[in-house]
Every structure is written in structure tokens, then in C-alpha cells.
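Sequence positions, counted from 1, serve as the residue numbers for this chain. First listed ligand is number 1; within each ligand, the first listed atom is number 1.
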Amino acid sequence: MSGNSALIVVDVQNGFISEARELPVRGGAEVVPIINALMPLFPIRVATQDWHPRDHRSFASQHPGTKPFDQGMLGGLPQTFWPDHCVQGTRGAELHPDLDQTRIQAVIRKGYDPMVDSYSGFSDNAGRNPTGLDGYLRARGVTRIYVAGLTLDYCVRWSSLDARRLLPDVRVFVIVDATRPVDSKTGEEALRELGRAQVHLIQSSEVRAGIERASAI
Ligand code: VGL
Ligand code: ZN
């Protein structure tokens, strides 16, 4: 009925929300009820999960003399050094308890290579360690990808750009009110870059109409 539309729920994890607040995102909890309400509209529902080893080199704690949010380099790529977050097996890494996980059909973990950060749900920042998400979506016949979750300026942004690049025949949408940025300035930059990459920026209120229109074609 609603075609092969996929909702990708990006990194809705305690580490970015709730009391864990490892890498706090202002208003992060507000996306949870919006995403829960959207899920029944989609036949295909996937989540991504930031899943770092304790000694991940994106953590400022691994670089003496740096502090969280400092800029540096990692493996030849520019890197923001983060507070420790989403460490494998900890509460911070768990999907948020209010997220309706019963509806999620696949969880794609990323960021487990300690030497490189991994914002996109498709591969790491160096374009290695593919997760197979593109093959999964292709195998399920996806024609439209809708991206929501955390954070707009990093994992939503990189995942959406990779979706455009890896699945060029698929239309990609970011549900803007179902995302929040780490920082409002980089959040604005993300929206501009996504627009230039032909990612459609929409609101959750428009999603139902959009899916119905697509399935009528
Ligand atoms: C993220 C920074 C570091 C995200 C993950 O989920 O957007 N941001 N790791
Ligand atoms: Zn991370």
C-alpha cells in the first residue's frame, strides 16, 4: 500500500538523550514520540546504532591535551573529538527505552573500528567498513528513504548523503522536525548541504501525504 518506503531511525540512543547524556543533544528526546508515530506508516523500518569500543580514537579521552569538541585529525581526516559516548554494551549505547523497538526490523551497528569515526550508517568516514545497509535496502526493493533521528549535523547528514550516492535511483528525504543537531550552526550547514545534494527536506506532518502520493503512482 505504502510502496517500498523505508524509515531509517538514526542513532536514537541514550548517549545522545536521557540521563546518560554523554554527548548531549538539545531536544534529543523530542524526536522519540515523532518517530514512534511515523513508524506504522512505513513497511520497512531500520535503526542505526553508534557502537564504539571503549578506546575509540574519536574520543577526546584518547588524545592527551585535547578536550571534547576540539578539532583535530584522525587517520588523515579532520575529526571532532567527542566526549566518550555509545560505548559497546553500556546503557549509553542502548536505543532509547521510549523508542518503539518492536517495530524495528534491522539494527545496523557502526563505529566499531577504533581507528576511524563512522557517521554514516552505510560505511565509515574513510569510506571503508561497509555495513551492508545499501545492499539490505536494495534487496528489500526500497524506492524511497526517509531519514530521522540524531544527529542532524553528523549521522543524519552523512547517512543521507551516502544514500544519495550509493542508491542514486532512490529518493531520499530528511524529516527535519524528527532530527536535532549537536550544534545549531552546523545543523544549518547540514540542511544547506542536503538541499544541494537533492535530499528532500520535509516535516513529519507531510510524510503521510507523501507516502500516499508515491504509492498512487
Ligand atoms: C554522532 C557524533 C559522534 C551522531 C555519533 O550519531 O550523529 N555524532 N558520533
Ligand atoms: Zn560516535
Side-chain angles (χ1 to χ4, degrees), residues 7-18 20-32 34-35 46-63 66-75 77-96 99 104 107-126 128-129 131 133 147-163 172 174-191 193-194 199:
L7 179 65
I8 302 188
V9 179
V10 174
D11 297 7
V12 177
Q13 291 169 262
N14 291 324
F16 302 113
I17 310 179
S18 77
R21 292 183 68 77
E22 296 165 345
L23 205 175
V25 176
R26 188 169 298 131
E30 293 163 14
V31 306
V32 176
I34 300 173
I35 291 170
V46 184
T48 65
Q49 190 174 23
D50 213 27
W51 192 250
H52 296 309
R54 193 165 285 287
D55 62 349
H56 197 270
R57 303 285 293 167
S58 74
F59 296 168
S61 61
Q62 299 297 308
H63 303 269
T66 68
K67 47 185 198 317
F69 307 104
D70 282 356
Q71 302 295 318
M73 296 294 285
L74 183 60
L77 297 170
Q79 176 70 46
T80 300
F81 293 122
W82 301 109
D84 291 12
H85 65 278
C86 300
V87 172
Q88 296 167 0
T90 66
R91 226 187 92 65
E94 288 170 16
L95 299 182
H96 191 272
L99 183 69
I104 294 170
V107 178
I108 301 287
R109 289 177 171 166
K110 63 185 178 64
Y112 38 75
D113 180 341
M115 301 309 292
V116 61
D117 214 348
S118 192
Y119 297 144
S120 165
F122 293 91
S123 74
D124 67 34
N125 294 6
R128 293 191 289 267
N129 290 308
T131 63
L133 178 57
V147 187
L150 306 171
T151 63
L152 172 62
D153 32 359
Y154 293 92
C155 294
V156 168
R157 175 189 202 162
W158 288 56
S159 296
S160 303
L161 294 173
D162 267 359
V172 181
V174 168
I175 309 168
V176 178
D177 60 315
T179 72
R180 291 291 182 280
V182 175
D183 174 273
S184 58
K185 187 163 159 285
T186 45
E188 291 299 322
E189 280 168 27
L191 293 177
E193 188 181 14
L194 290 166
V199 172

* Structure fact -> Restricting to heavy atoms, the pick from Ser159, Cys155, Ser58 nearest atom 1 (C) of ligand 1 would be Cys155
* Nearest to atom 7 (O) of ligand 1 by heavy atom, Asp153, Thr151, Asp50: which? -> Thr151
* Might you point out which heavy atoms bring Thr90 and Arg54 nearest each other, and give the distance in Å? => CG2-NH2, 3.6 Å
* So, for Trp51 and Gly89, which heavy atoms are closest and what is the spacing to 0.1 Å? -> CH2-N, 3.4 Å
* Those atoms of ligand 1 less than 4.0 Å from some heavy atom in Tyr154 -> 7 (O), 8 (N)
* Using only N, O or S atoms, tell me which atom of Asp50 is closest to the Zn ion (ligand 2). => OD2
* Using a cut-off of strictly less than 2.8 Å, determine whether Asp117 has an N/O/S atom near the Zn ion (ligand 2). => no
* Close approach, His85 and ligand 1, non-hydrogen under 4.0 angstrom -> yes
* Please tell me if the side chains of Asp11 and Tyr119 come closer than 4.5 Å, counting only heavy atoms from C-beta onward. => no
* Nitrogen or oxygen atoms of Asp117 and ligand 1 under 3.5 Å apart -> no
* From the Zn ion (ligand 2) out to just under 2.8 Å, does an N/O/S atom of His52 turn up? -> yes
* **Heavy-atom check, side chain of Ile8 versus side chain of Thr48, under 4.5 Å** => yes
* **Gln13 side chain near His85 side chain, heavy-atom distance below 4.5 Å** => no
* To do: On the 0 to 90° scale, with breaks at 30° and 60°, tag the Tyr154-Trp82 ring pair as parallel, tilted or perpendicular.
  => perpendicular
* To do: Answer yes if the ring centres of Tyr112 and His56 are under 6.0 angstrom apart, and no otherwise.
  => no
* Structure fact -> atom 6 (O) of ligand 1 has as its nearest protein heavy atom Asp11 OD2, 2.6 Å
* To do: Flag His56 as yes if one of its N/O/S atoms falls below 2.8 Å of the Zn ion (ligand 2), otherwise no.
  => no
* Going by the order shown, which atoms of ligand 1 are within less than 4.0 Å of some heavy atom of Leu150? -> 6 (O), 7 (O)
* **Contact check, side chains of Ile104 and Leu99, non-hydrogen atoms, under 4.5 Å** => yes
